[in-house]
Amino acid sequence: MKLEAMYQEIILDHYRNPHHKGLREPYDTEVHHINPTCGDEVRLRVKLDGAGGDARVVDVSYDSLGCSISQASASVATDLLIGRTVDEGMRIAAEFTALMQSKGEGEPDEDVLEDAVAFAGVSRYPARIKCALLSWMAWKDATAQTLSADPNASMEERVS
Amino acid sequence: MKLEAMYQEIILDHYRNPHHKGLREPYDTEVHHINPTCGDEVRLRVKLDGAGGDARVVDVSYDSLGCSISQASASVATDLLIGRTVDEGMRIAAEFTALMQSKGEGEPDEDVLEDAVAFAGVSRYPARIKCALLSWMAWKDATAQTLSADPNASMEERVS
Amino acid sequence: MTVLPRALDAEKVRADFPILDRTVRDGRRLVYLDSGATSQKPRQVLDAEREFYQRHNAAVHRGAHQLAEEATDAYEGARATIAAFIGAPPGEVVFTKNTTEGINLVAYAFSNAATAGPGFERFVLGPGDEVVVTEMEHHGNLVPWQELCRRTGATLRWFPLTDEGRLDLSGMDELLNERTKVVAVAHQSNVLGTVNPVRRIAERAHRFGAVVVADAAQSVPHLPVDVTELGADFLAFSGHKMLGPTGIGVLWGRAELLAAMPPFITGGSMIGVVHMDHTTWAEPPQRFEAGVPMAAQAVGLAAAVDYLTALGMDAVAAHEHELTCYALERLAGIDGVRVVGPLDAEARGSAVSFVVDGIHPHDVGQVLDDQGIAVRVGHHCAWPLHRRFAAVATTRATFYVYNTRADVDALAEGIGQAQRFFGTG
Amino acid sequence: MTVLPRALDAEKVRADFPILDRTVRDGRRLVYLDSGATSQKPRQVLDAEREFYQRHNAAVHRGAHQLAEEATDAYEGARATIAAFIGAPPGEVVFTKNTTEGINLVAYAFSNAATAGPGFERFVLGPGDEVVVTEMEHHGNLVPWQELCRRTGATLRWFPLTDEGRLDLSGMDELLNERTKVVAVAHQSNVLGTVNPVRRIAERAHRFGAVVVADAAQSVPHLPVDVTELGADFLAFSGHKMLGPTGIGVLWGRAELLAAMPPFITGGSMIGVVHMDHTTWAEPPQRFEAGVPMAAQAVGLAAAVDYLTALGMDAVAAHEHELTCYALERLAGIDGVRVVGPLDAEARGSAVSFVVDGIHPHDVGQVLDDQGIAVRVGHHCAWPLHRRFAAVATTRATFYVYNTRADVDALAEGIGQAQRFFGTG
Ligand SMILES: Cc1ncc(COP(=O)(O)O)c(C=O)c1O
Ligand SMILES: Cc1ncc(COP(=O)(O)O)c(C=O)c1O
């Protein structure tokens, strides 16, 4: 059974008890991302303080429909992102994306990714990578929109 | 060499010295048929006397561009059709069409088809059957148009 | 005395499918329950394709040499075989790459007719006209009609569904009326399994002169289908779902409609005469087959049809019916499992979609996959249908000629395993 | 010092093509000179397809089980292989069923743009706009543009030809102007063999913002083609002409144009979100690949590309160049034979079309066929070109990797045989 390699305890814990879940005020931008192959969705809000890469991520809140991997990933993402600067967050997101694309060969840096290292096993299952990335994509999108203050884009359905 | 089975002497004779070739007056209907796979063309005129199936085929004249088989077939067709009634002509045309579709298995009736029996070998070559039928199709079309006196259809390019 | 259909011997059938011998996920027996997405191929089909390439390959309809004759014979012979399979004359069968292309071909005919010139008025569509689909359609029989409406200004309407997963025909008398120009409906739903009463719908639609398109992607592979009995005007299906190769599909259409229909994809081999400034069209079916066609795949599909015919489509349907009954029974026996679709197997094919309380379909599918069981999870290209049943996604098992009761048992046990793993069972 | 390309060993190549061992017409050696219509397939390609079906077959992009992962990997791996072959990123490669579909896909984008909503304005076309083709186009790169003009009210214009069979570019400055929105041109003519200066045309067309479509059906199989060097915006070609399976083709397009292009065939797997009343699109290339794709054929085409890459496209081109020179020389030596197309082999591929005085091409082809020589006769889907050269039809020989000088000799002798038979030689 290789199931445990994918569904590490950490993942199941975050899935059962997600952190920072629920949509909160105040926020700058809300996005709605959808995985077109399975229909999973996340609504995610970002509140920043400051401008550019040095802006601080004051809050990330979300509501989502999806599988254990996408739920746990959203929970882990908020843990990692809240309180960082945008630049730091983007670096972590890049590291996590690289891990997901590593086909099980990645050697995650626990100092950077913390609980997110538990997703290493997911990268062996191509169909699940999008689940793990859904909320990260949404966060990147919402953050970019906030920084460029594009008022239109916020509420439309986006496909990750 | 099976070439001779296809290019019977009778066919080559008609090809080199076609009968009734050239467009003549008077005529009721002229049609222009084209073989879309190779571009071969025939312009064919029909002059009938009378109405319905008993009408007499007074003249069939034609001008054509095409291979030995299509040229010889036009020549043989005019030999067989001029002077017959429309009903007789249609019967001969049907017999000839059946022979062409016989895949080399047909046993042509020489009393009906006369020189046209020489085309039996052509039916083994699917790509050439249309050549042999081109002027027959044109004659059937021109005759039908004359009998129904459809004035529009006469000069457009038709595909056989 | 009724004659029972020959029974299908699934074990014997399995021996013809090399892929079923392989293992997955570290040595698990492959339990393939995803034939609704695409079927596996028997040796006979692969052999037919290879034989074509190794002996007769040439461009069909384009050469005067022996190989070209043989290739053309093989291609047109395949057309005749497939036409006979659905009770149609060969001239009414158009080869496409898949069901989706076939449906688009008809949809584009309706918008192209506006500029196609005389002879094609039958297909002109515009504002005020209505196109009717159903809420259970696969995207392949929904989006092309949405797009047609967008191009022409016609209005899209649809049949709703009952809670049981059947078409709700109660509003049919209003829905199908003098404005209705096209009715497009799945013969068998790829999610619910529901077999729709195409004939009844067609009879009403025809009163108003509407054209009826049946999406037969999930019916022709699984049921005996005769186009005359079905009553539709067009029928589209895919080779890859019926033991045939990928890259080949069929659009059947009534001869008089095909003749009145402007072309879709244009190019070589579908023309009458070509000038720089104008072109005329060949007769159907050539008019709709531009370019060098998928000849080897047509030959492969004909071999698949021969294979199915040898089994007997009645026997195929009976075999699937038995598996469906058994699967519905086994699933009913598992607490926390809800089937989305009819719970009885009448007028119902073998697609069995379900949700498991507390476990997302992706996670159900993952646990099944870990045991070698291949199912599909997601919206199965029927997103509006899933919204209707308030499900983001479902897990779907589909059965075919090579499936057995043991496969159903594996599925049921696998679901139990998922419940244990996620602590919900 | 110049590095000579590796020479191609045609005898060794022939051993990979089982069909070349067969005989035709009562025991004649097959001399296959019809690769311009479709090529033969090496064992390696047939093996790759079969291996896919027997080991990895599943619907790509649609499942979460192991077979679906493997099938998706195989399909996307094929895309990457083929993209690399033409110097493009994988995301710019769209799979189609053939060249014809690829060109139609672009042509329909221009008419669909009118109703496609925001984001697709780049492709809107209308009265006053001009679409430019050439008089040497294959129907597959002519009729779709005629039809586009018919749908949108745009005007079709074309480059004329010189008597030698080259594009007459003398009027280019007038022909390509601010009204020009599309320029569609064959990279290599399937009748004349002429290789057209796509880059030069594209440079002028791009000054006016026009989109340049190259029909590469006859170039990608025969020459090293790099999309960056070529300078076009779209490139279409067919697998079956380059040792690959039937039923698969490629449309390459620049990423920024693909992104701004509305879809053509709509249905499953090309969507973003689907509601009953509106739908959004996936990103390219998925946006243009509706329905279950021709996965096995993509894998087969990738194997064909690997085969050609192993031979080296420089070596392939050099081999064909040598055969073309030799064929032009042998044909020049026969009284009463006139080649339609350039008489020198510079900027010229291996399609050699000709007429024989006093013998119709059908009859020439028949005599050749009788000797086992497979050529094509007719207008080769380039009817306006034939009118331009006052020929109802021509006889065409085309060469590929498995042809030899002995095949050229057989052709020359066969023509002599035809002249003797018809008493003209
Ligand atoms: C120059 C050219 N363009 C387009 C085509 C069309 O290719 P296909 O029939 O594979 O779509 C061909 C070949 O038939 C060709 O030679
Ligand atoms: C009901 C139904 N319609 C249409 C399709 C589309 O078929 P294809 O993807 O082969 O075009 C499918 C399968 O995917 C289907 O199940």
Side-chain angles (χ1 to χ4, degrees), chain C residues 18-19 22 24-25 34 37-38 40-41 46 50 53-55 57-59 62-67 97-101 104 115 138-140 143-144 146-147 150-151 158 240 245-247 265-268 271 274-276 279 290-292 294-297 362 365 369 374 376-377 381 383-384, chain D residues 18-19 22 24-25 34 37-38 40-41 46 50 53-55 57-59 62-67 97-101 104 115 138-140 143-144 146-147 150-151 158 240 245-247 265-268 271 274-276 279 290-292 294-297 362 365 369 374 376-377 381 383-384:
Chain C
I19 202 170
R22 74 164 275 185
V24 289
R25 303 289 180 221
D34 197 19
T38 201
Q40 298 302 340
K41 328 296 176 201
L46 306 182
R50 188 155 188 140
Y53 281 131
Q54 293 198 344
R55 300 282 306 161
N57 177 63
R62 294 199 174 192
H65 51 82
Q66 186 178 343
L67 290 188
K97 66 177 172 178
N98 54 22
T99 303
T100 305
E101 185 192 345
N104 275 269
T115 52
H138 187 280
H139 298 161
V143 188
Q146 293 177 336
E147 289 299 292
R150 169 135 72 165
R151 290 194 298 275
W158 52 89
H240 69 88
T246 54
I265 296 182
T266 58
I271 53 91
V274 179
H275 298 268
M276 283 311 284
T279 290
V292 170
M294 42 304 249
Q297 290 76 29
H362 258 186
D369 174 47
R376 201 174 153 195
V377 298
C381 300
W383 207 328
Chain D
I19 203 170
R22 73 164 276 184
V24 289
R25 302 293 180 217
D34 198 17
T38 202
Q40 297 303 339
K41 327 296 174 201
L46 305 183
R50 189 158 188 136
Y53 281 131
Q54 293 198 347
R55 300 282 306 161
N57 178 63
R62 294 200 174 192
H65 51 81
Q66 186 179 343
L67 290 187
K97 66 177 173 178
N98 54 23
T99 303
T100 305
E101 185 193 343
N104 276 268
T115 52
H138 187 280
H139 298 161
V143 187
Q146 293 177 337
E147 289 300 291
R150 170 139 65 167
R151 290 194 300 274
W158 52 90
H240 68 90
T246 55
I265 296 182
T266 57
I271 53 92
V274 179
H275 297 266
M276 282 310 286
T279 290
V292 171
M294 41 303 249
Q297 290 77 31
H362 259 185
D369 174 47
R376 200 173 154 197
V377 298
C381 299
W383 208 328

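We name chains A, B, ... by the order of the sequence lines, and we start the count at 1 in each one. Keep in mind that what you see is a predicted model, and the values were worked out from it rather than measured. All values below were derived from every heavy atom in this structure, side-chain atoms included, with hydrogens, water molecules and symmetry-related copies excluded.
- D:A290 approaches C:T100 most closely through the heavy-atom pair CB-CG2, 3.7 Å.
- Here the closest non-hydrogen pair linking C:Q297 and D:P245 is NE2-CB, 4.5 Å.
- Using a 4.5 Å cut-off between heavy atoms, D:E147 touches chain C through its side chain atoms alone.
- Taking chain C as the reference chain and counting heavy-atom pairs below 4.5 Å, the highest number among D:N98, D:T266, D:T38, D:V143 is found for D:T266.
- In this structure, C:E101 CD and D:I265 CD1 are separated by 4.5 Å, a value rounded to the nearest 0.5 Å.
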(message) Please determine whether side chain to side chain donor-acceptor pair (under 3.5 Å) holds for the pair D:T279 and C:Q146, giving the CA-CA distance in whole Å, both sets of side-chain angles, and the decisive distance to 0.1 Å.
(response) CA-CA 8 Å; D:T279 290; C:Q146 293 177 336; 2.6 Å; yes
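- Most heavy-atom pairs under 4.5 Å with chain D, from the set C:R50, C:K41, C:Q40: that is C:R50.
- Contacts with chain C were tallied for D:T246, D:V24, D:T115, D:T99; D:T246 has the most, counting heavy-atom pairs under 4.5 Å.
- Across every non-hydrogen atom of D:I19 and C:Y53, the tightest pair is CD1-O, 3.7 Å.
- Counting all heavy atoms, side chain and backbone alike, C:V292 lies closest to D:A37 at CG2-O, 4.1 Å.
- Rounding to the nearest 0.5 Å gives a distance of 12.0 Å between CD of D:Q54 and CZ of C:R22.
- Among C:A296, C:A59, C:G365, the residue making the largest number of heavy-atom pairs under 4.5 Å with chain D is C:A59.
- Between C:A64 and D:V377, the closest heavy-atom pair is CB-CG2, 4.0 Å.
- Residue contact with chain D, scored on non-hydrogen atoms closer than 4.5 Å, involves the side chain of C:D34 exclusively.
- Your options are D:R151, D:M294, D:M276, and the one with the most heavy-atom pairs under 4.5 Å with chain C is D:M276.
- For D:L67, the part lying near chain C is the side chain, with the backbone staying farther off; criterion is any non-hydrogen pair under 4.5 Å.
- The closest donor-acceptor contact from the side chain of D:Q66 to the backbone of C:R25 lies under 3.5 Å.
- Here the closest heavy-atom approach between residue C:A374 and residue D:H65 is recorded as CB-CG, 3.3 Å.
- Rounding to the nearest 0.5 Å gives a distance of 11.5 Å between CG of C:L46 and CG of D:L46.
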